[in-house]
Amino acid sequence: MAAAATTTTRAAQCLFGFSHRAPPLPPLASLLLRRRTGGALAVRMASSDAAAPQLSTTVAVPGAAAPVRVVAAPGLREADFSKALDSALFRRWLENLQSEKGVLTYGKLSLTQILIQGVDMFGERLGFLKFKADIVDEETKAKIPGIVFARGPAVAVLILLESKGQTYAVLTEQARVPIGKFILELPAGMLDDEKGDFVGTAVREVEEETGIKLNLEDMVDLTALLDPATGCKMFPSPGGCDEEMGLFLYRGHVDEETIKGLQGKETGLRDHGELIKLRVVQYDQLWRSTADAKALCAIALYEMAKKEGILPSPRGGLSANL
């Protein structure tokens, strides 16, 4: 549930991309028009009586010169195609295209087609979405890299515990299959809904992954200290993934027995495949102890906020069931 390093174009193509030319729509295709409230998005679903029809759709992107064609990769089920189009991940990406710094905002780039390549379901909820967007530079007519792994917003928490004059950081150790390794990282997790409750999600993820119960009032949003022009979120791998992260800080005072109890503790939601062990390291050694981008970015934000005197003073203490 955490973020990956920026992939190279070649690796991304191996994982998600392939050459594809969409056939023209059949002349007798039946069209179903669906409109979202407010007219922000219009979708046309096309089907055919042919033996192996290709699912296709046109999406009206605000500000675009014409509707953009969306096609399904061969083998993608119609139900999954529809879920992809209806997902918050896809809708958020379309909205970003026309945001203040959106790639279509200034008219220098154009979106010509989107290929939906696959979805991964988390129960009834769409968790991950893979697609390829054909975006063209209007001046040179060259395509820019457009392979997207959409997973949406996430949170991570830098937990600093003081005990007997020493400050410790609490990390999780778990298998990360995409890199083929176990890695030490900050407790982290994805937002499960569209409400954008970053603070609540951060507290819940810490409890699930560490067993530590935190007070909402004691959480400090480190990314909120960034310039508003950044969106006040951290993007771990914008070259291939849409994930945006809120980084939080929690500070508490505990006794020595609590530190010993956390070290090596097995946690996580086992029925969700989370096999986690906790590791406690001295904070002054944290930057050398992990290759986790979340941790390294959190350290940078924390230290710079302290240096500039804008870090809120800690209040309250740690409430934990260990």
> Looking at Y302, does the NZ or CZ of K307 lie under 6.0 angstrom from its six-membered ring centre and within 45 degrees of the ring axis?
Replying inline: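 No - K307 does not lie over the ring of Y302 by the 6.0 Å and 45° rule.
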Tell me, yes or no, whether the heavy-atom count around [X] atom [atom1], taken from other residues, nucleotides or ligands under 6.0 Å, exceeds 12.
{"X": "F122", "atom1": "CZ", "result": "yes"}
{"X": "K277", "atom1": "NZ", "result": "no"}
{"X": "E138", "atom1": "CD", "result": "yes"}

Check: [X] side chain, [Y] main-chain N or O, donor-acceptor pair, under 3.5 Å:
{"X": "Q263", "Y": "V280", "answer": "yes"}
{"X": "T201", "Y": "F198", "answer": "no"}
{"X": "N215", "Y": "D218", "answer": "no"}
{"X": "T58", "Y": "P67", "answer": "no"}
{"X": "D80", "Y": "V119", "answer": "no"}

>> Under a 4.0 Å threshold between the charged nitrogen and the carboxylate oxygen, would D137 count as salt-bridged to K108?
In response: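 Not counted as a salt bridge, because no side-chain N and carboxylate O are separated by less than 4.0 Å.
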> Does K130 pair with D120 as a salt bridge, N-O distance under 4.0 Å?
Replying inline: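 Salt bridge flag = yes for D120 with K130.
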> Are M234 and E244 close enough that some pair of their side-chain heavy atoms sits under 4.5 Å apart?
Replying inline: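 When only atoms from C-beta onward are counted, E244 and M234 do not touch, as no gap falls below 4.5 Å.
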> Should R151 and C241 count as side-chain neighbours, where that means a heavy-atom distance under 4.5 Å?
Replying inline: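 Heavy-atom side-chain distance check passes, below 4.5 Å.
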>> Under 3.5 Å, is there a donor on one side chain and an acceptor on the other for N96 and S99?
In response: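 No pair is found: no donor N or O on one side chain lies under 3.5 Å from an acceptor on the other.
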>> Is there a continuous path of hydrophobic side-chain contacts, each under 4.5 Å between heavy atoms, that joins I116 to M121?
In response: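 Yes: a chain of side-chain contacts under 4.5 Å links I116 to M121.
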